[in-house]
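Note that this is a predicted model, so its numbers are computed, not measured. Within every chain, numbering begins at 1; the chains are lettered A, B, ... in the order of the sequence lines, protein sequences first and strands thereafter.
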2 protein chains.
Amino acid sequence: MVSRPSLETATASDPDRFVEPLELGKRVKEIRLTKGWTLEEVSKRTGIARSTLSKIENDQVSPSFTIVQKLIKGLGMDLPQLFVEASEHSIAGRRDITRKGKGEPHPTATYEHELLNFSISRKKMVPFKTKVRARSFDEFKEWVRHDGEEFLLVLEGRINFFSELYEPIELKEGDSVYYDASMGHTVVSTSSKDAEILWVVAR
Amino acid sequence: MVSRPSLETATASDPDRFVEPLELGKRVKEIRLTKGWTLEEVSKRTGIARSTLSKIENDQVSPSFTIVQKLIKGLGMDLPQLFVEASEHSIAGRRDITRKGKGEPHPTATYEHELLNFSISRKKMVPFKTKVRARSFDEFKEWVRHDGEEFLLVLEGRINFFSELYEPIELKEGDSVYYDASMGHTVVSTSSKDAEILWVVAR
DNA sequence: TAACGCTGTTTCTTTTAGTAAACTTTTAGA
DNA sequence: TCTAAAAGTTTACTAAAAGAAACAGCGTTA
């Protein structure tokens, strides 16, 4: 019996409950219209029949993976991009301002973090300003290490940037470093005053 | 999979040339084994028949979009993750330092960008410092708008931050804003000297 | 080594997707 | 506003994918 319940209601035990709506069709149409293309043009670009494209846009079919790949190529978009949209909640049309010094404080023994723009929750990046208290590498029990990538900009003072795979390096105001955060890393101040840095993390 | 019989042998105009191999099956199997799951377990989690899963892993079919969605949910993975692999490599264990003023310059009529940490290519974030030349909103022909999210920190001077859905707001040194970059946005200096800002973009 | 349970593969049937062509609607031109 | 062309939709049919069940391979156990 198996269902093709694209238009029916899913019950709690229906395996289809796992599937989010994700209006692929709507998205495809949007992109096509933005570029000012007709179905025929997209058809030529992708090798997909005009009729098939129409059905996809109107959610009358669930295109196969090969078709989706052709679509992506033909519409000239990144692969993830097409899908992501709906599944990964976006911050669509939002904006969040943090005034100087008004971030959310997160003090630790070695760092004094100030989390910026904390009112938007699901974001790709986490920016924070940090006063570096630590003066020596020994103050850390072990490497800091986590998923994702990190960008660091020295706003004030001087720091030593330690990392697992490289020699320590001194960074002055205005210098920046971008690194894989799964590689152990820590920072200590080398200026007389505690250094201040900006950190942006992306998972 | 399998090519359409209606199409002739591959030529420069063969639409199939656009489609990358992208071994979805191999990838799915990898993930399943990593988690130590059997086909049956995945079947229960996803609601996809064991036999179908086997065929997918062995590239005997090109699963439909609904099936792909179920797979993603069931395997508990981000959507992009599944596909990306081939195209996006990680920066594993890398580090890249840019000294003050030593970024890659990208001047435009309204902004003077300095791209930071440009030697690492495939990264999640793109950081750059910008001198804001523009003094009035009119200098822009239209909204700047692109995929992803953006973080902005004022390093020096004052700016007006314009965005499609909000009233303009003045930001001073140390203020920051985080926003959806697909919402139209532009920035102009309001201080006597051109303002300097840090921008970090994530797709 | 026979029998069992569990894994993954294959076969077979049903259901769905994909195409060409017919059809309908919209747009543009005189 | 009439007409022609082009855009999008639906139909009718073929090709392909999804599922159920049969099958084959492999350790484990008796």
Side-chain angles (χ1 to χ4, degrees), chain A residues 1-8 10 13-19 22-75 82, chain B residues 1-8 13-16 18-19 22-75 82:
Chain A
M1 41 206 103
V2 188
S3 37
R4 237 269 93 226
S6 50
L7 299 175
E8 298 167 24
S13 62
D14 186 342
D16 283 319
R17 77 186 185 280
F18 292 115
V19 178
L22 183 123
E23 287 166 3
L24 178 71
K26 200 178 136 211
R27 184 118 180 77
V28 169
K29 186 163 191 175
E30 257 174 44
I31 294 163
R32 178 173 65 84
L33 294 181
T34 302
K35 306 214 174 192
W37 289 338
T38 66
L39 287 182
E40 184 57 32
E41 270 176 283
V42 175
S43 171
K44 279 196 190 109
R45 282 168 183 274
T46 56
I48 303 170
R50 198 166 80 242
S51 55
T52 306
L53 291 169
S54 169
K55 287 178 195 166
I56 291 171
E57 288 192 352
N58 295 298
D59 292 315
Q60 289 171 16
V61 293
S62 171
S64 73
F65 193 70
T66 28
I67 292 285
V68 172
Q69 284 182 86
K70 287 183 186 176
L71 250 184
I72 284 147
K73 277 282 181 181
L75 292 179
L82 217 183
Chain B
M1 53 167 347
V2 180
S3 49
R4 302 241 89 75
S6 52
L7 295 177
E8 324 202 343
S13 63
D14 185 342
D16 280 323
F18 293 120
V19 177
L22 185 124
E23 288 167 2
L24 178 71
K26 200 179 136 209
R27 186 109 185 82
V28 169
K29 187 164 191 174
E30 256 174 46
I31 293 162
R32 179 173 64 85
L33 294 181
T34 302
K35 306 215 173 191
W37 288 339
T38 67
L39 288 181
E40 184 56 31
E41 271 177 282
V42 176
S43 172
K44 278 194 190 111
R45 283 168 182 274
T46 56
I48 303 169
R50 199 167 78 244
S51 55
T52 306
L53 290 169
S54 168
K55 287 176 202 165
I56 291 170
E57 288 193 353
N58 295 297
D59 292 315
Q60 289 170 19
V61 293
S62 172
S64 75
F65 193 71
T66 28
I67 292 284
V68 172
Q69 285 182 86
K70 286 183 186 175
L71 250 183
I72 284 145
K73 277 279 181 184
L75 292 179
L82 218 180

Chemist: B/Lys29 NZ to C/dT7 C1': how many Å, rounded?
Modeler: 11 Å
Chemist: How would you label the contact of B/Ser51 with the nucleic acid (heavy atoms, under 4.0 Å): base, sugar-phosphate, or nothing?
Modeler: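 Since a base atom lies under 4.0 Å of B/Ser51, the category is base.
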Chemist: Are any non-hydrogen side-chain atoms of B/Val61 and B/Ile67 less than 4.5 angstrom apart?
Modeler: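 B/Val61 vs B/Ile67: side chains apart.
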Chemist: Round to the nearest Å and state the distance from A/Glu41 atom CD to D/dA6 atom C1'.
Modeler: 12 Å
Chemist: Decide yes or no, distance alone: a donor-acceptor N/O pair under 3.5 angstrom between the base of C/dA17 and the side-chain of B/Ser64.
Modeler: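 Flag unset: no donor-acceptor pair detected.
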Chemist: I'd like to check B/Val28 versus B/Val42 (side-chain heavy atoms, cut-off strictly below 4.5 Å). Are they in contact?
Modeler: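 A side-chain contact is absent here, since even the closest heavy-atom pair is not under 4.5 Å.
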Chemist: Choose from D/dA17, C/dT10, C/dG18 the nucleotide whose nearest atom is closest to any side-chain atom of B/Ser62.
Modeler: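 The listed nucleotide nearest to B/Ser62's side chain is D/dA17.
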Chemist: What's the CD-P distance between A/Glu40 and C/dA21, to the nearest Å?
Modeler: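 Atom-to-atom, A/Glu40 to C/dA21, this comes out as 13 Å.
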Chemist: Report yes or no: does A/Ser62 contribute a side-chain atom to a donor-acceptor pair with the main-chain N or O of B/Thr66 at less than 3.5 Å?
Modeler: yes
Chemist: Measure from CZ on B/Arg32 to P on C/dT7 and round the result to the nearest Å.
Modeler: 10 Å
Chemist: Does A/Thr52 place a side-chain N or O at less than 4.0 Å from the phosphate oxygens OP1/OP2 of C/dG18?
Modeler: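 Looking at the OP1 and OP2 atoms of C/dG18, neither is under 4.0 Å from any side-chain N or O of A/Thr52.
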Chemist: Side-chain contact test, heavy atoms from C-beta onward, threshold under 4.5 Å: evaluate it for B/Arg32 versus B/Leu53 and give yes or no.
Modeler: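 Answer no - side chains too far apart.
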Chemist: Out of D/dT10, D/dG8, D/dA22, which nucleotide sits closest to the side chain of B/Arg50?
Modeler: D/dA22
Chemist: Over how many whole Å does the gap from A/Leu33 atom CG to D/dG8 atom C1' extend?
Modeler: 11 Å
Chemist: Provide, to the nearest angstrom, the distance between the CG atom belonging to A/Leu53 and the C1' atom belonging to D/dT9.
Modeler: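 In whole Å, D/dT9 C1' and A/Leu53 CG are 12 Å from each other.
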Chemist: Using only side-chain N and O atoms of A/Gln60, determine if any of them is under 4.0 Å from OP1 or OP2 of C/dG18.
Modeler: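 No, no such contact exists.
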Chemist: Kindly say whether, by distance alone, the side chain of A/Lys55 makes a donor-acceptor pair under 3.5 Å with the base of D/dG8?
Modeler: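 By the distance-only test, no, there is no pair.
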Chemist: Take the protein atom CG of A/Leu39 and the nucleotide atom P of C/dT25, then report the distance between them rounded to whole Å.
Modeler: 17 Å
Chemist: Contact class for B/Ile67 vs. all strands (heavy atom < 4.0 Å): base, sugar-phosphate, or nothing?
Modeler: sugar-phosphate
Chemist: Once you apply a heavy-atom cut-off of 4.0 Å, does A/Thr38 come out as touching a base, just sugar-phosphate, or nothing?
Modeler: sugar-phosphate
Chemist: Just how far, in rounded Å, is P of D/dA18 from CZ of B/Phe65?
Modeler: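 Computing the B/Phe65:CZ to D/dA18:P distance gives 13 Å.
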Chemist: Could you tell me whether a side-chain N or O of A/Ser64 sits under 3.5 Å from a main-chain N or O of B/Ser64, the two making a donor and an acceptor?
Modeler: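 Checked: no pair found.
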